[in-house]
Number of protein chains: 2
Amino acid sequence: MSRWGMVKKTRSSQRREEALSRDRIIEASIALLDHSGESGLTFRTLSERLATGPGALYWHIVNKSDLTTAACDAIVARTLEAPQVGATPKAAIRTLALGMFDAIDAHPWVGSALTRAPGQAPMVRILEGIGQQVRALGVPGDAQWAAASALLNYILGVSGQNAANAQFARAHDLDRSNFLESVSTAWSQLDPDEYPFTRSVAGQLRAHDDRADFLAGIDLILSGIGSPLAQ
Amino acid sequence: MSRWGMVKKTRSSQRREEALSRDRIIEASIALLDHSGESGLTFRTLSERLATGPGALYWHIVNKSDLTTAACDAIVARTLEAPQVGATPKAAIRTLALGMFDAIDAHPWVGSALTRAPGQAPMVRILEGIGQQVRALGVPGDAQWAAASALLNYILGVSGQNAANAQFARAHDLDRSNFLESVSTAWSQLDPDEYPFTRSVAGQLRAHDDRADFLAGIDLILSGIGSPLAQ
DNA sequence: ACAATTATGGAATAACGTTCCATAGCCGTC
DNA sequence: GACGGCTATGGAACGTTATTCCATAATTGT
């Protein structure tokens, strides 16, 4: 009846009741980042939560950049794992993009981690998902890279902005609407001669729907991809 | 003949041979960032170069974030100051975007500073420049924000990637072509079943023209803006 | 049972942004 | 023309960070 009933066979998998492992460290990092933001992840707090010392973590992780990239990759992998069969290529791209948007909305730190890991695992996952649908769209081979990287760069841009907004808001103890409010009033006080456009959109900012605007941008690019000649 | 000939009148502007000022600090920061990258700007090195102590800088600057945003804004302002008269709106947007691309190519740290200053001066300058041309393009009022922010987010995405690439390359002592080489070979070794698209574009990566790809993305969005209905 | 390897955790290090404070330079006023 | 109150300076000190080091514990192979 004891949990030690089969010690011999299973011992190798329980060298310790709560052994450290790369996955456990990454999961703890995600929890910390979600709870306290980008500045909440330090080797001190992480090692405290895992009941160990900072040095022990380095046996499983090469450095902090490696850790945040791995945490980001875990979120991205979960977000993109849905198979997307049966949808039109455009719909699949929209779904993929919105999935990333929602993931970054839920985990803003993913946005900044993404932009700091050029050419690495998480970015490659997104590129691959987009690229496959760009192919399915019938874009000729020599234009596929341009189309896919335009979509990717747009997604990365929005991701980075969302992450920066969230971090700024957290640092100044504002929620999202307070933050937009403060930007909106700042914009509406700009010099009318130098900043006519920005002033004119300051009002919209307060009530606008980030998610809808994001999708509108995706549709703009998709529409451009569909055009016979970009010009 | 002496430079002290008019002491009375000019004394107030030379309280010291090389008085500290916000502008002098920002110029020194730009020089430091250009020479040594993002990690090269510290209050220690900056105060050494200005022959003062770290504390003195805080009389003119609120914190490091303020400093990098101000340095970024100085570059962006110089980049966008050309008047752009007589060009078609599309051409003006292309020129503006390419100007930003070249500025970030010359000063990669501007890319990451931009993405970390949401809704602040440097970003507003770019938004305004784009927005004015979007208006001139005849985009209806309620679609202007979507069009301008799509272009802005795309530019910010590329900027962030260029900055990240440059920082990664510098950190690993690679030049640009070595960096692309390493990404390209990494991509070509991915699992063919899971990453068919990324593998197929790995080769193009080595020789591709960042600047041309960037412009192709701008044209894709412009083409979408020009379409009667994005869908 | 004993060496060798793997893994741990706490202390030490160097560097960072920021704060503090004694003091120097400058200005307007008697 | 000396003096008191701002403006500005610069160096030391603080608290925190990522990372390294190392003694030692836990596990594995022989």
Side-chain angles (χ1 to χ4, degrees), chain A residues 4 6-26 28-29 32-33 36-71 109 112-113 116-117 167 171-172, chain B residues 4 6-26 28-29 32-33 36-71 109 112-113 116 167-168 171-172:
Chain A
W4 302 103
M6 295 175 66
V7 173
K8 290 271 171 56
K9 283 218 147 152
T10 59
R11 192 173 55 189
S12 72
S13 67
Q14 49 184 214
R15 24 179 314 128
R16 175 164 296 215
E17 190 60 20
E18 296 260 296
L20 230 44
S21 73
R22 188 163 222 265
D23 282 346
R24 239 166 65 77
I25 294 173
I26 290 169
S29 302
L32 227 34
L33 287 163
S36 321
E38 290 182 59
S39 64
L41 179 64
T42 70
F43 280 83
R44 283 228 223 297
T45 58
L46 183 58
S47 62
E48 275 168 26
R49 180 176 273 237
L50 290 167
T52 182
L57 302 175
Y58 279 85
W59 189 261
H60 303 275
I61 274 160
V62 354
N63 55 30
K64 190 172 182 179
S65 156
D66 172 45
L67 178 59
T68 53
T69 302
W109 53 270
S112 35
R116 267 182 241 129
Q167 193 173 25
H172 294 71
Chain B
W4 302 103
M6 296 174 67
V7 172
K8 288 271 169 56
K9 282 219 151 153
T10 58
R11 193 174 53 190
S12 71
S13 68
Q14 48 183 217
R15 25 177 314 130
R16 173 163 298 218
E17 190 59 22
E18 297 259 297
L20 231 44
S21 73
R22 188 164 223 267
D23 281 346
R24 239 167 64 77
I25 294 174
I26 290 169
S29 301
L32 226 35
L33 286 163
S36 321
E38 290 182 58
S39 64
L41 178 63
T42 71
F43 280 83
R44 293 231 198 321
T45 57
L46 183 57
S47 61
E48 273 168 28
R49 179 176 275 235
L50 290 166
T52 181
L57 302 176
Y58 278 84
W59 190 260
H60 304 274
I61 273 161
V62 355
N63 54 32
K64 191 173 182 180
S65 156
D66 173 45
L67 178 59
T68 52
T69 302
W109 52 271
S112 35
R116 268 181 237 133
Q167 194 173 24
F168 184 92
H172 295 71

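Because the structure is predicted, anything quoted here is derived from the model rather than measured.
Ala56(B) approaches Leu20(B) most closely through the heavy-atom pair CB-CD2, 3.8 Å. Considering every non-hydrogen atom in both Ile26(B) and Ala71(B), the closest pair reads CG2-CA, 3.9 Å.
For the pair Asp66(A)/Arg22(A), a side-chain contact is recorded, criterion being any heavy-atom separation below 4.5 Å from C-beta on. In this structure the side chain of Leu57(B) reaches within 4.5 angstrom of the side chain of Ser47(B), judged on heavy atoms.
Atom C1' of nucleotide dC16(C) and atom CZ of Phe43(A) are separated by 16 Å, given to the nearest angstrom. Rounded to a whole Å, the CG atom of Leu67(A) is 10 Å from the P atom of dA18(D). Going from atom CD of Glu48(B) over to atom P of dA15(C) covers 12 Å, rounded to whole Å. Remark: P of dT6(C) and CZ of Arg22(A) are 18 Å apart, rounded to the nearest angstrom. With rounding to whole Å, Ile61(B) atom CD1 is found 15 Å from dG10(D) atom C1'. One can place OH of Tyr58(B) at 14 Å from C1' of dA13(D), the figure rounded to the nearest angstrom.
Of the candidate nucleotides dT9(D), dA18(D), dA12(D), dA12(D) has the atom nearest to the side chain of Pro54(B). Between dG10(D), dG17(C), dA18(D), one nucleotide has an atom nearer to the side chain of Leu20(B) than all others, and that is dG10(D). Here the side chain of Ala56(B) is nearest to one of dC16(C), dG10(D), dG11(D), namely dG10(D). Here dC16(C) is the nucleotide among dA18(D), dC16(C), dT9(D) with the atom lying nearest to any side-chain atom of Lys64(B).
Closest-nucleotide positions on DNA chain D for Leu41(A) and Gly55(A) were compared, and the one nearer the 5' end corresponds to Leu41(A). Mapping Gly53(B) and Ser39(A) onto DNA chain D via the closest heavy atom, the residue that lands nearer the 5' end is Gly53(B).
Using a 4.0 Å cut-off between a side-chain N of Lys or Arg and a carboxylate O of Asp or Glu, Glu38(B) and Arg116(B) qualify as a salt bridge.
The residue Leu57(B) sits apart from the nucleic acid: no heavy atom pair falls under 4.0 Å. Using a 4.0 Å heavy-atom criterion, one finds that Leu46(B) contacts no nucleic acid atom at all.
Between Trp59(A) and the phosphate of dT8(C), there is no side-chain N or O to OP1/OP2 separation shorter than 4.0 Å. An OP1 or OP2 oxygen of dT6(C) is reached within less than 4.0 angstrom by no side-chain nitrogen or oxygen of His60(A).
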